[in-house]
Amino acid sequence: MAKLLYFGQVAEIANRHSEELPIEEMSIADFRIWLERKIPELTFVSYQISANQQLHCEAFMLTNDMEIAILPPFAGG
Amino acid sequence: MAKLLYFGQVAEIANRHSEELPIEEMSIADFRIWLERKIPELTFVSYQISANQQLHCEAFMLTNDMEIAILPPFAGG
Amino acid sequence: MKKVFVEGPISSAFIAEKIIAHQSKTDIGAHSLFLGQVRADKIEDKEVTAIEYTAYEEMANPIFHEIRESVFAKFEITCMHIYHSLGVVKKGEICLFVFVSAPRRKVVFDALEFTVEEIKLKVPVFGKEILEDHSHTWKKNS
Amino acid sequence: MKKVFVEGPISSAFIAEKIIAHQSKTDIGAHSLFLGQVRADKIEDKEVTAIEYTAYEEMANPIFHEIRESVFAKFEITCMHIYHSLGVVKKGEICLFVFVSAPRRKVVFDALEFTVEEIKLKVPVFGKEILEDHSHTWKKNS
């Protein structure tokens, strides 16, 4: 099972903070397509995706054992 | 009468903080020569000279009505 | 790993305490401090009254640690501390406190700016701007 | 003209007070602070235990004023404050406090550095470094 985490505006749009569900192995780019089919409102906002607490390039492969976070623009400080 | 002010290391060397005395009109450069004849130990330290609370170039003319200060290197902060 | 996140605003008493804690380090000659304060911006005529901060803490904490390491590698500093608020911080209150100390002053300005810019760019912190009519928008760093 | 010189060290309580005084200015988003601290340098194996500051105040005060004016002309800041000690400041204590505030952070780092460098360069302040054996030397800015 992958753990999906949603933060800030993304959590508000998705109406959830986390969920656990099985995902197929896929690139971050493909994960975006999958995610926006699942939650179409995300099409209209920008977000980054981290895997196991790290940012990666769009070709990075996500697997079913990862903690995957969907992160809206940072606003620290 | 001119008012002479001495600060920091210069006051220590000259063994005074201020004095009033008549001076002839002369440039700052000439004043240095006059001063170092009066207090020879000043020959060995660096100092700036202000007239009426402002720094000037060496050619600036000092007159008998001025407040002249002999300022060792600044050490603020 | 040093604790960065604090609940609620950063008080001036907390800042004063951190300054006092450095007075026994007599090899230090210069401190620079950055304080981020919540601004009462107008957003479509409505005033921001507070920002509610959340963070992905498990990701943010290692990134704060990496930022610290890189600042120590780049600048000859004695110590540095970062504190960031979580939860509600009202307008006029302080949400970010960066504290850099060094033997000599020259490095503390650049080290401070570098640290603040790195935090703004790299740390997954999110800010909900609460407006005076209780609606909200989402803060983005620029 | 604003008062810059204070007798003795600058306390952390004084600094905290100045921070609090700015929390009602809700157009401010960023503060930068510089604190100069007396360093226990070794001079020919003898430790500096304090610096005794004197100043040509009648000349220094207008120069502080000019520095303020030039910082406001160069940088988009909301306010700035400078405090400098006179008299004895012991090792570990604070002798200079510069406080710059602006709506946005970008300018506060350069404004702070510019102000501190101008003070070090232009203001007639003198420092007698008291050593542990009660001898002394004279501080020079570099």
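Bear in mind that the values here come from a model prediction, so they are computed numbers and not experimental data. Below, all heavy atoms of this structure are taken into account, side chains as well, without hydrogens, waters or symmetry copies. Quick note on labels: first sequence line is chain A, next is B, and so on, each numbered from 1.
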> CG of C:L96 to CZ of D:R105: how many Å apart, nearest 0.5 Å?
Replying inline: 9.5 Å
>> Quick check on D:I94 against chain C: is it the side chain, the backbone, both or neither that has a heavy atom closer than 4.5 Å?
In response: both
>> If you compare all heavy atoms of C:D41 against all heavy atoms of D:R104, which two are closest, and at what distance to 0.1 Å?
In response: OD2-NH2, 4.4 Å
> Considering all heavy atoms of both residues, which atom of D:R39 and which atom of C:D27 are nearest to each other, and what is their separation?
Replying inline: CD-O, 3.3 Å
>> Let's test your reading of the structure: which of C:L112, C:L33, C:I20 forms the most heavy-atom pairs below 4.5 Å with chain D?
In response: C:L33
> Between the main-chain N or O of C:E93 and the side-chain N or O of D:Q23, is there a donor-acceptor pair closer than 3.5 Å?
Replying inline: no
> Side chains of C:H22 and D:Q37: do they bring a donor and an acceptor to under 3.5 Å?
Replying inline: no
> Side chain, backbone, both or neither: which part of D:I15 has a non-hydrogen atom closer than 4.5 Å to chain C?
Replying inline: side chain
> Listed by residue number, which members of residues 52-62 of chain D have a heavy atom under 4.5 Å from any heavy atom of chain C?
Replying inline: none
> Which bit of D:S32 comes within less than 4.5 Å of chain C, counting heavy atoms only: side chain, backbone, both or neither?
Replying inline: both
> Checking heavy atoms, do the side chain of D:I19, its backbone, both or neither come under 4.5 Å from chain C?
Replying inline: side chain
> If contact means a heavy atom pair closer than 4.5 Å, which residues of residues 116-135 of chain D contact chain C?
Replying inline: D:V116, D:E117, D:K120
